[in-house]
Each structure stands twice: as structure tokens, then as C-alpha cells.
There are 2 protein chains.
Amino acid sequence: MATIKQIAELAGVSRGTVDRVLNNRPGVKPDTAELIRKIAAEVNYRPDLAGKILAARKKNLRLGFLTLEGDEFTFFHDVTQAARKKAVELQNLGVEIRFYLVREFTRSGLEALAAQVEGDQLDGMAMVPMMTPAIISLMHTLEARGTPIIFFNIDEPSVKRLCYVGCDYVRAGRVAAGLAALTTGGRGTVGLLTLHDSDNYSYQERALGFTRELSERYPAMTLLNGGAPTIFQHGDYSAVHTLFREHPELDAIYIVNLGDFSVCREARIAAGERPLSIITNDLVAAQREMLQSGVISATLGQQPEVQGALPLQLLYQALAFGEAPGADKLYTDLNIYISQNI
Amino acid sequence: MATIKQIAELAGVSRGTVDRVLNNRPGVKPDTAELIRKIAAEVNYRPDLAGKILAARKKNLRLGFLTLEGDEFTFFHDVTQAARKKAVELQNLGVEIRFYLVREFTRSGLEALAAQVEGDQLDGMAMVPMMTPAIISLMHTLEARGTPIIFFNIDEPSVKRLCYVGCDYVRAGRVAAGLAALTTGGRGTVGLLTLHDSDNYSYQERALGFTRELSERYPAMTLLNGGAPTIFQHGDYSAVHTLFREHPELDAIYIVNLGDFSVCREARIAAGERPLSIITNDLVAAQREMLQSGVISATLGQQPEVQGALPLQLLYQALAFGEAPGADKLYTDLNIYISQNI
DNA sequence: TTGTATGCGTTATCAA
DNA sequence: TTGATAACGCATACAA
């Protein structure tokens, strides 16, 4: 493997000149530049990663990671865990990472957080774009400063960002539909179930993908209530019981947002002896247990570990080496988990 | 983040002394060593990765990757692709990788290959343990030289190796059983199907896991012929047609080894109008297509990309930094693929 | 327009 | 038992 030094010797020039050419910096005679480029191509020059990292240390990069605080049983807990692991890795390359965890959505709390972030002089920011005034204002400040931002879990195209890392929710809905079909021989009746306050982006997209996939690909499947979801409240599952009483023909349900997890148990109880397949999202701790015990039939993952780690990695590569992310939207895998492969 | 230099200053000694202590090398006065250790712990010292890589370059490592040659539609093709990608990455760290692809199992061919490997003075080897005389002899030679070996895809405990990277086949069989149950409401009749020459390790293990999981967890499921597989020949699927004619009650089949892929189509045709779920292994190109078109219901993956990349990565870490692999057996994920998430 | 010198953190050799 | 020094490959400030 060739090094800059070797190329310099072959070209009969100094390392500095070679570096100028390979990094497209001005101040080299065209003929010389041409020669060096030719030699570099000939010896298949690839810059040594360790050398680049070492040199990049001098930039003393500082990155931010802004996310929702999640207790042990939530999706964002898994994301933050992954981010902390990646943070240790990047610290070993001389990068500093600051974490900003949003606990409550109080105005003063968010404003204080935003002020803190603005004062921290970050070189890059990975965050969930929470559309509250304080956070929106923060994003605009970072945008104005030219600080690169990467969004994860939720995209927000109205803000200039480097890229998005997270789930393709429409596609997730389609996978859920495929699972519903798979578990009912392609001829079942399936319903949507969701928590009362689920009029959010990810719910809408998943429901859309689910209904579309069913109608486009599984004509023999019946979608209950034309795709209108059964809505339940935190701690009150009477709507679920009513659903099963009124629809004995129900073969499968896709619970889009759970809130807590009791709803799965309630649904299983309400279904009684009938075979019923229950499909959910996000393999958090509580759901592992329910998959094991057969309460939940299948769960769709969206790689929280990637959502936590990749944004930081991409920011580092962008700032340290000037490498752009590979795509505008980097979608996570849509993993299917059942009792045996968790 | 602290560096050796900073620790040296704090301790009032030279970098060399700090290095000796932190790398457990002899020749340091116990008192001094104690002090340095204390300071290192206090400042939470973690060695800089780039520095280590750079220093490790001087070792001029050379690794080997020995695998079956696979054409575009085979599992080993995906493995080799991943290995080549990782090889480029490691080349950028100053490591040389040599590939040895086994095309045919002729005695002379294997002997020539083994001789070549032995002459190449490798520092480490990633390989599939093919138990033919020439390769066995090669493994013993490497073992005698103290060259670390990592096996992937198939384990071979009789040879001293650093670790195994690959599928837990028994568990894969259990996942297949879970899928069979999921697609038949837990009450179906399911059969095993496999190619004639499948009396190999991975077949045995998968069949074992499959039958065990069914009997232990799904008492309402019926396993056809007590788990004895229906065996078909390359290009001759009469056994498959006979199977469906004699067993109209069949709801699902797990095709353990396919050989070519026509068997899936034949089974779908033989099943006629009945809902039948077909479960297979390994998401190679041809199977993607069949998942899309609905011929195959679900496929179990075993991360060929990890099997190709991780062994090389682990060899590098072992040889460059003296880091042992995290476990004796590193199992790949058992991914479930359906039409919508490939 | 080009060359030289220095530093990033770690490791290893040589000298004291 | 310890210190000083050079080397790995890259980037860059400064000198020529």
C-alpha cells in the first residue's frame, strides 16, 4: 500500500507538494500536479486512515447529541445507550460528545436546554427535531452558524440538515401488513389499534403503508373499519374488549403505538381461544418478554443501535475528513422478531 | 481525554516508563508503576485508537481468507464480497490480505492451494474448515506455527482456533419452527424438505432445532413423518409432487437445503390452491426474487456480510493490539425476511 | 511554486 | 530502572 512519502519519492518532489495535489489545494504547477495524480492512480493510493484520524485530532471536535430522555423500557433508551457507546469510541479519537436529554416538554425547560446548547459552541449536532419553539429556534441558530445537523428517528425537511438516519415508516407499515397476511394465510381480517394521542407523523406513515400494502397486494385480506384504528386510552382498555366482542372474525391486529404494554395482554385475553396474531413495533425490554411468552406474535424493529450510533459517526466523518454521508436519507433495517430470534 | 504524554508529566516520568507500565512490560520500579497506574485510572486513560493503529503498521501484517468459490447466486459469494470490502478497509491500515478460493475439490487442486498458503507466511488465517486431507494438513501446519486461525460458517472444534464466527444452526432450526407455527396459527402440519446429499452438519443441526422447538413449544402442531425429511434430487422434483399428493393436510414446509431454487416453485405448484407457507434459508439473489413474487413465504438469513468481515477484523485486532475475540463462538443474527423487508 | 519542519499518540529501540 | 529518540502517515504552518 502506497504512502504519500513513496509517491513523493517516485515523483521526485516533496511530501508537501504531493499533499497539496491530493487534497486539491492550490499552488502547484499543473505539470507537476498531473504527474503526481498519475503516479497516485498507478500505485492505487488510498490515504491511511490512522494517519488521517491522528492529524484530525488537532481540530478538537465537539459534537452534541440531543434526544428524548427515556426510562429503561423505551425505545429512546436503547438509542441513547448506543449513542453513549459510540461516544466512548469517538472519545478515543479525541472527540468530545455532549448529551442533552429532554425530560419534560415545559417551555422554560426547553428554553434553558436550547440556551445551553447554543453556548456550548458545537461543531456538529445529532438530534431529534422536536418542533417546539425553543428547539426550532435552536435549529435555526445552528443553521445560521453553519453547524452541520443530522436528524435521527424523525426527519424534518424544513430545516437544512446533512441527512436523516432512521425508519422508513411507510415501509414499516408495509412489512406489518406482510406479516399480518403471512400469519393468516393471506385471507384474514386485520385491524389497526393505537394509543389515543397517536396523530403523529410516524403513526400516519405506518398506517398509510399498512393499508396500502394490504389493498395493493392482498386482495383476499379484510381491513377492519376501512383502516380506521381502534383507539384506546392509557390504562383503559375497554375499547379493546369491545373490539373483540363486536368482531369475532378478527384474525390479526397491528398495534401501532402501545403507550404502555398492558394493551397486548388485554388483547390476548379478549381474543380468548381464537388464534390471533398480534404485531407490534420496537423490540424494547418489555416486548421481549411478551414475545417469549407468546403474548405478542411478532415485532418490527428499527435498529435503535444504528439510530444512536450512526449520526455521531457521520458527523465525525464529515467534520474530520470532509466526507459527505452516503445518502440524504439513511434508512434503518426493518427487522422482524419472533419468540425464537430475539 | 488523557494521553500518555500527559500522564508522564503528571507522574514526573518519561513516556517510555508510562508505556511500560500500561502495557504490563517488565522493568519498572513497583512504586513508580503503582503511581502511574493510579494516575491513569484517575484521568480515565484510554489509549488513542489512531495512535495504536499507526504504531501497529510496522508489523506489516498479512492475513489469509480461505473460502469456497461461489458464483453470483450462492451464499459464499455474499460472504466473499463482504470479505473483500473489509480487505480494502484493512489495506488502508497497512494490512495485506490474500484470498484463496476453492473451486473444485480435486486432490491435486487442494494440495496446490495448501502449499501456496503455507508458502505465504501468513500472520493469521480466516477460513472455512473443509475437512479434506490437504486442508486438514494445512490447518495443522498453521497450528504448529502458532498462526491464529478463525473459522467462519462452520466450526471445527478439533482444531485449535481463536474463535468461530457464524450461524447457530440449532437455533436457526428453532426460528424456522417458530415461523412455521406463526404462519399456521400454531395448529398446522409441517414437513421438512431437503436435497439428497444433505447429511451434513448444518442440516443435522437445523433439523434438530426444528423438531425440538416444535415438540417443546407447539404441541398442537403436527410434524410430518416424525421429522424424517422428504428428500429430492437435483432437477428431479417428483418426490415433492408425491409429498403433496399424499399429504393434502400439509400447511407449511421448511426447505433446509435447496441445491438449486426450482424446488420452491415446484412445491408452490404442487400445493395448488391451498395456502402453503414455504420457509427457506439464506437470502441469496434468487431467493429475493421468489420472496417478492410470493413463491417463498419467509427466509432465514445468517448475515453473510458479518461472516465475511468479522473474522478478518478480529484477526487484525488480535495481531495488532493483542485483543482476544469477545467470545469463543460469535453467532450471527437470525434475520427473518419476507417480501416487504428485503 | 515548492520544500522543510513539526505535531498528532503509541510503540520500540537504544543509551544511560 | 529509566529517559531520550525515532518511526508510523497525514496535515499544515512556515520558509525558501
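Order of the sequence lines sets the chain letters (A, B, ...), proteins ahead of strands, with each chain counted from 1.
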ask   = Looking at B/Asp328 and B/Arg161, does any basic side-chain N land under 4.0 Å from a carboxylate oxygen?
value = yes

query = Between A/Gln317 and A/Gln313, do the side chains contain an N or O donor and an N or O acceptor separated by less than 3.5 Å?
reply = yes

key: Atom pair distance, as rounded to whole Å: CG in A/Asn92 and P in C/dC8   = 18 Å

Angle between terminal axes - the helix from C/dT1-D/dA16 to C/dA16-D/dT1, 5 pairs each end, rounded to 10° = 60°

key: Carboxylate-amine/guanidinium contact B/Glu143 B/Lys160, below 4.0 Å   = no

remark   = Whole-Å distance, A/Glu9 CD to D/dG9 P, equals 11 Å

ask   = How long is the line joining CG of A/Leu49 and P of C/dT10, in whole Å?
value = 17 Å

message = If the condition is salt bridge (Lys or Arg N to Asp or Glu O under 4.0 Å), which residues does A/Glu89 pass it with, not counting sequence neighbours?
response = A/Lys86

remark   = When rounded to whole Å, the CG to C1' distance for the pair B/Leu54 and D/dG9 reads 6 Å

query = Less than 4.0 Å between a side-chain N and a carboxylate O, is that true for A/Lys38 and A/Glu42?
reply = yes

query = Just how far, in rounded Å, is P of D/dC8 from CD1 of A/Ile53?
reply = 19 Å

query = Which letters describe nucleotides 11-16 of chain D, given B = protein heavy atom under 4.0 Å from base, S = only from sugar-phosphate, - = neither?
reply = SB----

query = Starting at CG of A/Asn60 and ending at P of C/dG7, how long is that distance when rounded to a whole Å?
reply = 16 Å

key: Below 4.0 Å: OP1/OP2 of C/dT2 and any side-chain N or O of A/Thr32   = yes

key: Contacts of A/Arg15 that satisfy salt bridge (Lys or Arg N to Asp or Glu O under 4.0 Å) - sequence neighbours left out   = none

message = Counting only side-chain nitrogens and oxygens, does A/Thr17 get under 4.0 Å of the OP1 or OP2 atom of C/dT1?
response = no

request  = Nearest whole angstrom, please: distance from the C1' of C/dT11 to the CG of B/Leu93.
outcome  = 17 Å

Pairs flagged by side-chain hydrogen bond (donor to acceptor under 3.5 Å, both in side chains) wherever residues 117-132 of chain B is involved - sequence neighbours left out = B/Arg98-B/Asp120, B/Tyr100-B/Asp120, B/Glu118-B/Thr141

task = Mind calculating the distance between CD (A/Gln6) and P (D/dG9) to the nearest angstrom?
result = 7 Å

key: A/Val13 side-chain proximity, nearest of D/dG3, C/dT1, C/dG3   = C/dG3

key: Which residues share a ring-ring contact (aromatic ring centres under 6.0 Å, His included) with B/Phe65, sequence neighbours left out   = B/Phe99, B/Phe152

Pair B/Arg25 + B/Asp19, salt bridge at N-O below 4.0 Å = yes

